[in-house]
Amino acid sequence: MIITFPDGSTREYQDGMTPYEIAESISPRLAKATLSATVDGKNSDAFRPIEGDHELRFNKFEDEDGRWTYRHTASHLLAQAVKRLKPEIKLAIGPAIDNGFYYDFDAPEPFTPEDLAAFEKEMEKIQKEDLALERFELPREEAIKFMEEKGEPYKVELIRDLPEDAVISFYRQGEFTDLCAGPHIKSTGKVKNIKLMSVAGAYWRGSEKNKMLQRIYGTAFEKKADLDAYLTMLEEAKKRDHRKLGKELGLFTLLDEGPGFPFFMPKGMVLKNTLIDYWRRVHKRYGYVEVSTPMILNRKLWETSGHWYHYKENMYTTVIDEEDFAIKPMNCPGGMLVYKQEMHSYRDLPLRVGELGLVHRHELSGALHGLFRVRCFTQDDAHIFMTWDQMKDEIKNVVRLFDEVYSTFGLSYEIELSTMPEDHMGDEKDWQFAEATLAEAVKEMGKDYVINEGDGAFYGPKLDFHIADCLGRTWQCGTIQLDMQLPERFELEYVGADGEKHRPVMIHRVVFGSIERFIGVITEHFAGAFPTWLAPVQVKVLPITDRAAERCKEVQAALEAQGVRTEIDLRNEKIGFKIREAQLQKIPYMLVLGDKEVEQGLVAVRSRKEGDLGTCTLEDFAKKIGEEIATMAR
């Protein structure tokens with residue numbers, strides 16, 4: 001057989017060799033590092049023989065497919081450990097996920113921290129046993145019988161749901177066998193540095209109509225140093241948890257009276273409005289106009305847009321005057337109606353229309369998570385109506401805007417291009433043109449991108465912007481979504497240079513994605529220590545003595561008159577206590593005034609970043625902080 005490697009080179013091997021053996025023929029070191037093999041584009045066991053000509057790539061831990069295989073095998077070690085210690089427990093599923101793995105179990109009693117410690121210890125024992133993983137296949141009925149005899153009802157259900165002609169594979173390691181498509185690494189001995197992290201509830205097959213199972217999350221790394229670094233990062237992430245900081249800093253709260261509906265406190269509203277003011281300034285510079293559309297619209301509109309048939313389970317509906325209405329889950333259909341209120345000429349295009357619209361979506365209660373997953377949020381939408389030949393320039397214009405916004409917050413990003421799915425609508429030639437235009441626009445901007453094959457929306461391809469915070473965690477925020485279908489559904493038109501009516505094409509785009517979610521992201525990114533321009537309170541004025549109180553009030557009034565958000569602490573507390581409290585509130589600057597400062601007409605300045613900066617005149621401090629705010633310095 002002829003094997004073609006990623007660099008284009010080829011070698012001839014005997015039929016029936018395994019990728020491991022091929023790797024060994026190249027280098028023992030390569031074979032030792034190989035966890036799985038990509039055979040003709042598909043991740044596969046490196047210990048399975050192959051025949052015929054193939055393209056072959058060896059996957060190590062630094063490769064995504066290699067990590068996935070490593071952690072998938074770790075999930076089988078977990079299942080084996082649980083069955084050894086608690087054989088009455090029933091198995092569900094156990095895949096690899098980003099940064100780790102999980103396994104779902106049906107257990108009669110809740111798992112305890114002691115259980116997790118025991119499972120982890122047993123996994124280490126299984127690792128040391130160095131059990132070989134063996135793959136075998138069974139016909140459907142034999143597979144069902146095999147799992148019934150093992151008393152695994154969830155596995156039986158999974159097999160019954162597979163097609164009649166499906167290849168049903170299992171993996172055996174010692175006394176333990178699991179239904180699994182694979183791939184896996186060759187032995188349990190290669191899975192090291194395992195850590196079980198937590199337990200959570202999870203509905204079987206993700207449906208709240210099914211039984212609640214217990215999900216054990218874990219992770220595994222090839223090198224202990226990498227595991228230690230990851231655990232350290234998680235500890236830092238806990239300190240930065242926006243739910244914790246949101247409460248401590250008085251930004252927002254989530255209450256039982258409104259699950260998934262955040263309450264913003266006064267300081268949180270300052271933060272939110274500052275972000276919105278910034279959004280408006282940027283969009284005005286980039287040529288956008290702003291509109292506002294109703295929160296509740298009738299069923300006919302949602303039928304026209306397609307949401308009534310394809311998204312209704314996520315929508316809140318009501319009846320008004322015996323007619324069905326829905327609270328909007330997105331702003332787009334209202335934006336279409338705004339466009340239709342007047343006939344547009346080609347001279348009006350591109351038309352960039354922004355909307356900060358409050359939308360509501362019914363999310364499962366188990367999926368709610370702080371500000372990251374809520375049931376109502378402010379979507380910073382914009383819809384750009386354009387001609388086909390304006391598409392590339394408009395995409396580039398949006399990328400420039402995104403780049404400016406994310407740079408302001410010190411957030412790096414990666415771009416992902418999602419292409420035509422199987423269930424797409426519209427002409428394939430239009431799709432090819434749109435995908436090529438997106439790709440060319442990004443390249444011409446000097447940006448790199450990766451392709452997410454077949455993951456575009458049914459109505460058009462898109463660019464997703466995955467931003468990375470200071471801990472390296474990624475968040476999907478910005479999207480540039482081309483839409484060739486909604487203008488058709490709503491019969492949007494413009495009059496061309498030829499005097500005839502034409503159909504515009506449009507872009508849906510968000511830069512924050514959701515104001516609320518973005519607040520969660522930057523709260524964790526900055527650990528609550530927001531840049532001065534963004535901080536809810538920018539200056540805290542602290543009198544040392546009662547005699548300095550009047551001067552402190554004058555200082556506060558002067559700074560407020562300049563637009564600096566200022567608070568004064570007049571409590572009868574020691575100055576050290578006041579300073580510590582201001583530091584805990586992560587306020588950028590403290591001005592400390594005692595009798596000496598009042599007498600000399602100065603203020604003693606303390607910086608959150610740099611500590612004691614000494615004394616200066618109020619005018620000099622006001623100039624300094626004014627420049628810092630104006631330049632939006634980080």
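The model shown is predicted, which means the values in this text are computed figures rather than measured ones.
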task: Determine, using ring centers only, whether W533 and F409 are less than 6.0 Å apart.
output: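 For F409 and W533, the ring centres are under 6.0 Å apart.
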
- prompt: Hey, do the aromatic rings of F111 and F119 have their centres closer than 6.0 Å?
  reply: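 That pair passes the under 6.0 Å test.
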
Atom pair [atom1]/[atom2] of [X] and [Y] - distance to nearest 0.5 Å:
X	Y	atom1	atom2	result
E248	Q585	CD	CD	8.5 Å
L231	K224	CG	NZ	8.5 Å
L271	F252	CG	CZ	10.0 Å
E435	S418	CD	OG	9.5 Å

Counting neighbours of [atom1] on [X] that are heavy atoms of other residues, nucleotides or ligands and sit closer than 6.0 Å, is the number greater than 12?
X	atom1	answer
D277	CG	yes
Q476	CD	yes
D7	CG	yes
E290	CD	yes
K396	NZ	yes
E422	CD	no
D98	CG	no
K272	NZ	yes

Under a 3.5 Å cutoff, is there a donor and acceptor pairing between the side chains of [X] and [Y]?
X	Y	answer
H369	R243	yes
T293	K328	yes
H466	E414	no
D104	Y154	no
S36	D65	no

- prompt: Hey, what's the ring geometry for H508 with H383, parallel, tilted or perpendicular (30° and 60° as the breaks)?
  reply: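 Perpendicular.
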
field: Plane angle bin for Y103 and F105 - parallel if under 30°, tilted between 30 and 60°, otherwise perpendicular
entry: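 Parallel.
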
So which atom in [X] and which in [Y] form the shortest heavy-atom distance, rounded to 0.1 Å?
X	Y	value
D115	P110	OD2-O, 3.9 Å
N331	E355	CB-OE1, 3.5 Å
K190	T34	CE-O, 4.2 Å
D45	H184	OD1-N, 2.6 Å

State whether the side chain of [X] and the backbone N or O of [Y] hold a donor-acceptor pair below 3.5 Å, judged by distance alone.
X	Y	answer
Q538	T532	yes
R375	F261	no
Y406	G478	yes
R361	N314	no
H283	W279	yes
T437	M391	no
T479	D464	no
R517	L371	no
E120	L196	yes
D380	V510	no

Between [X] and [Y], does at least one N-O distance fall below 4.0 Å, as a salt bridge requires?
X	Y	value
K447	D403	yes
E235	K238	yes
D63	R57	no
E394	R352	yes

task: Decide whether a cation-pi geometry holds between R71 and F101; the criteria are a distance under 6.0 Å from NZ or CZ to the six-membered ring centre and an angle within 45° of the ring axis.
output: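 No, R71 does not lie over the aromatic ring of F101.
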
message: Show, in sequence, the C-alpha distance, side-chain angles and deciding distance for I97 and Y217, and conclude whether the side-chain contact (heavy atoms from CB on, under 4.5 Å) test is met.
response: CA-CA 10 Å; I97 55 174; Y217 286 97; 3.8 Å; yes

query: For Y230, what residues pass the ring-ring contact (aromatic ring centres under 6.0 Å, His included) criterion, not counting sequence neighbours?
result: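 Result, ring-ring contact (aromatic ring centres under 6.0 Å, His included) vs Y230: F221.
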
message: Apply side chain to side chain donor-acceptor pair (under 3.5 Å) to residues W475 and D469 and explain how you reach the verdict.
response: CA-CA 8 Å; W475 314 88; D469 65 16; 3.2 Å; yes

